[in-house]
Amino acid sequence: MIQAVYHFHRRYSIGKYVIHDNNDENLMLKFSRDGDVSAFDMLYERHKVPLFRYILKQTRHHHAITEELFQEVWSNLIRAREQYQPSARFSTYLFQIARNRMIDHARRVSARPVSDPETNHEDIANAGNDDPSLHAHTADCIEQLQTHVSRLPHEQHETFILKHEGEHTLGHIAEITGVTLETAKSRLRYAMKKLRELMPEECL
Amino acid sequence: MSDQPDNQFNDDKKISTLYRAGSTAQPPKHIDQAIRAEARRSVSSTPPRVRSPWAVPVSMAAVLALSVSLISLIHEEAPTVSDIRSDVPVIHTEEREITEYATKEKSAARQETSSDRLSVTEITDMAQPDIDTEQKAERQKTKVTKPSLQKSQVSAKIKEELTFDAAIETSDEMSQESVRRIIPQPKSPSPASGRAGASIEFSTGLKKDLGTKASENCEQLSHSACLNSEQCSLVVNEIINDSKTLVCRRSMSHCDTGFIQRSDTKESCESRQGCMYISDPCFCPPDVLCICNGGQPPQCQPRKNGTPLQSE
C-alpha cells in the first residue's frame with residue numbers, strides 16, 4: 001500500500017516527493033530508463049539557457065558556433081542516455097559534455113573562437129529591450145563588462161562564466177573544469193579582481 | 001581596513017548583477033524544436049525496457065524449480081545405499097545358498113547310513129526344490145551376472161564348511177568316547193556314534209580332494225588334526241618307542257588309509273578285509289580331558305598271520 005502511494009506520488013509529483021522525484025538526476029533516469037520524454041523536456045527547460053549562454057560566452061558570442069555546439073551537446077546527451085549513471089550532479093555532467101565539445105571544436109578549427117562585436121551589441125541591445133528599467137547608462141556598463149569579461153584569460157573567463165551563467169558552486173566548477181577547488185577559487189578571485197579594476201566606478 | 005572587503009563584496013555583487021542583466025541570450029526556437037524532436041525520435045526508436053512486476057518472482061521460481069529438479073536428478077543417478085546393497089545380495093544369496101546346501105547336506109548325510117557318497121551335483125539338485133522362487137530367480141541372476149561363481153566354487157565352500165562341522169561333531173563324539181572310556185559302556189554303536197559315523201562318512205567323501213594335500217603335510221599336522229585325517233595316522237614314535245611321544249605320518253596301508261582314528265570304530269576298521277583294530281584304553285586325545293593318559297591312538301592295521309587282536 002505504501003509502495004503504491006509512493007508510486008502515485010512519484011508518477012504525479014504530488015506532496016513532499018515532488019522535490020525529490022523531480023530533481024535533475026531522477027528526471028534523467030526517467031528519460032534514460034523509461035523513455036519519459038516529458039522528463040527530458042523538464043530537464044531541457046531548466047538547463048537550456050545557462051548552457052546556451054555558457055557556450056555563447058565561451059565562443060565569444062559566436063552565435064552560429066554556439067547553436068551548433070549547443071545542439072551537439074544535447075544530441076550527445078540523448079544518444080548516450082543509456083550510459084547515464086547518477087553518480088554526479090546532472091548539471092555537472094551536462095556542462096562537462098559541453099566543455100568537451102568545445103575543446104573538440106577548438107581543436108578542429110585550431111583557433112580559439114573570436115568574439116563577434118555585432119553579436120555582442122545585439123545581445124546588449126536585446127538586454128535593454130527585455131528590461132525597460134535599464135537606462136542607457138546601465139546598458140553602457142553592461143557593454144563594458146561584456147567586453148572586459150571576454151578579454152579575461154581563458155581559464156578565468158571560463159570560471160567566471162560557469163559561476164555566473166550556470167550558477168555552479170566552486171566545487172562543481174572545479175569538477176567540470178578538472179581542477180582542484182583551490183585553483184577554481186583562485187581563478188575566480190583573479191577574474192573578479194581584474195573586472196573590478198577595469199570597470200569604471202560609475203558602473204559599480 | 002574592514003571597509004575594503006565589504007567594498008570588494010559589494011563590487012563583486014554589482015558585477016554579477018550587471019553581468020546577469022546583460023545575459024539575455026536564449027537558444028533559438030528552431031534549435032529547441034530540433035532537440036526535443038530528437039529526444040522523441042530516440043525514445044520511439046528504442047522501446048523502453050518495461051520490467052514486468054512478475055519478472056523477479058517468476059525468474060526466482062524458475063531458478064528454484066531448476067535447482068530442485070537438478071538435485072533430484074543427481075540423487076536419482078547417484079548410487080544409494082540400496083543400490084550398493086543390490087550387489088551384496090548376489091554374494092549374500094550365494095552364502096545363503098551355501099548355508100542351505102550345507103544344512104541340507106548335513107541332514108541328508110545324517111539320514112544316509114550307507115557309504116554311498118553324494119556328489120555335489122546331487123546335493124545341489126536336492127537343495128534346489130527347497131529354494132523359493134525368488135531365490136531361484138536371484139540365483140539365475142547370479143549365474144548370469146557372475147559366471148565365475150559356479151558349482152565347483154559352491155562345492156568348495158561346502159566342503160570347507162562341512163569339514164569344519166565334521167571336526168566339531170567329531171570333537172563332540174570324542175568327548176563322548178572319552179566318557180565311555182571313563183565309564184565302560186557296551187560295545188554296540190550308539191546312535192550318536194552312528195550319526196557321527198555318517199557325518200564323517202559324508203565328510204570323508206567331501207574330503208577326497210583334500211586328501212593329497214593332507215598326506216603331503218602329515219608331519220606338520222597337529223595331533224588333533226592328525227587324528228581327524230584320513231590320509232594321516234597318529235602313531236607311537238618307533239625310534240624313541242615311547243608311548244607318550246607320538247608322530248603324525250602318512251597312512252601306509254589300505255587299513256589306515258581312510259580310517260579316522262578319532263571317530264572310526266572297531267567295526268568300521270575290521271569290516272575292511274585283513275584289517276584289525278588296535279586301541280589303547282588310556283589313550284587320550286589332546287583336546288579331551290581324561291583320567292588316564294598315555295598309550296597309542298586307535299589304529300587300523302593289516303592283520304598279520306598269527307597276530308592276536310590286542311583289543312581282544
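Convention: sequence-line order gives letters A, B, ...; per-chain numbering from 1. Atom set for the values below is all heavy atoms of this structure, side chains included, hydrogens, waters and symmetry mates excluded.
Closest non-hydrogen pair, B:R36 versus A:F40, comes out as CA-CE2, 4.4 Å. Residues B:A25 and A:L56 come closest through the heavy atom pair CB-CD2, 3.4 Å. Heavy-atom minimum distance, B:L18 versus A:I142: O-CG1, 3.6 Å. Taking both residues in full, the closest heavy atoms of B:I35 and A:I78 are given as O-CD1, 3.7 Å, listed atom of the first, atom of the second, then distance.
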Inset, instruction - Dump the intermediate steps for side chain to side chain contact (heavy atoms under 4.5 Å, CB included) on B:Y19 and A:K57, then the final yes or no. - result: CA-CA 11 Å; B:Y19 183 82; A:K57 301 292 167 58; 2.9 Å; yes
Inset, instruction - Would you sort out whether B:E38 and A:R79 count as a side chain to side chain contact (heavy atoms under 4.5 Å, CB included), showing the intermediate values? - result: CA-CA 9 Å; B:E38 190 178 348; A:R79 280 199 299 271; 4.1 Å; yes
Legend entry - Residues B:D32, A:W74; criterion side chain to side chain contact (heavy atoms under 4.5 Å, CB included); working and verdict: CA-CA 10 Å; B:D32 281 356; A:W74 285 106; over 6 Å; no
Inset, instruction - Determine, step by step, whether A:F31 and B:V43 satisfy the side chain to side chain contact (heavy atoms under 4.5 Å, CB included) criterion, reporting the C-alpha distance in whole Å, the side-chain angles of both residues, the deciding distance to 0.1 Å, and the verdict. - result: CA-CA 8 Å; A:F31 172 60; B:V43 168; 3.5 Å; yes
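The contact between A:L145 and chain B is made entirely by side chain atoms (from C-beta outward), counting heavy-atom distances below 4.5 Å. Both the backbone and the side chain of A:R196 have a heavy atom closer than 4.5 Å to some heavy atom of chain B. Contacts of A:K193 with chain B are absent, with no heavy-atom separation under 4.5 Å from either backbone or side chain.
When atom types are taken as modelled, the side chain of A:R53 and the backbone of B:Q26 share no donor-acceptor pair closer than 3.5 angstrom.
Identified under the side chain to side chain donor-acceptor pair (under 3.5 Å) test for residues 64-73 of chain A, with sequence neighbours left out: A:T59-A:T66, A:E72-A:R101.
Put simply, CE on A:M192 and OG on B:S16 are 4.5 Å apart, with the number rounded to the nearest 0.5 Å.
Counting heavy atoms from C-beta on, the side chains of A:F70 and B:P28 never come closer than 4.5 Å.
Heavy-atom contacts from other residues, nucleotides or ligands closer than 6.0 Å to CD of A:E201 number 12 or fewer. In this structure, A:Y190 places its OH atom where only 12 or fewer heavy-atom neighbours from other residues, nucleotides or ligands lie under 6.0 Å away.
Below 4.5 Å, heavy atoms of chain A meet no heavy atom from residues 62-69 of chain B.
Between A:D41 and B:R40 there is a salt bridge, since at least one side-chain N of the basic residue sits less than 4.0 Å from a carboxylate O of the acidic one.
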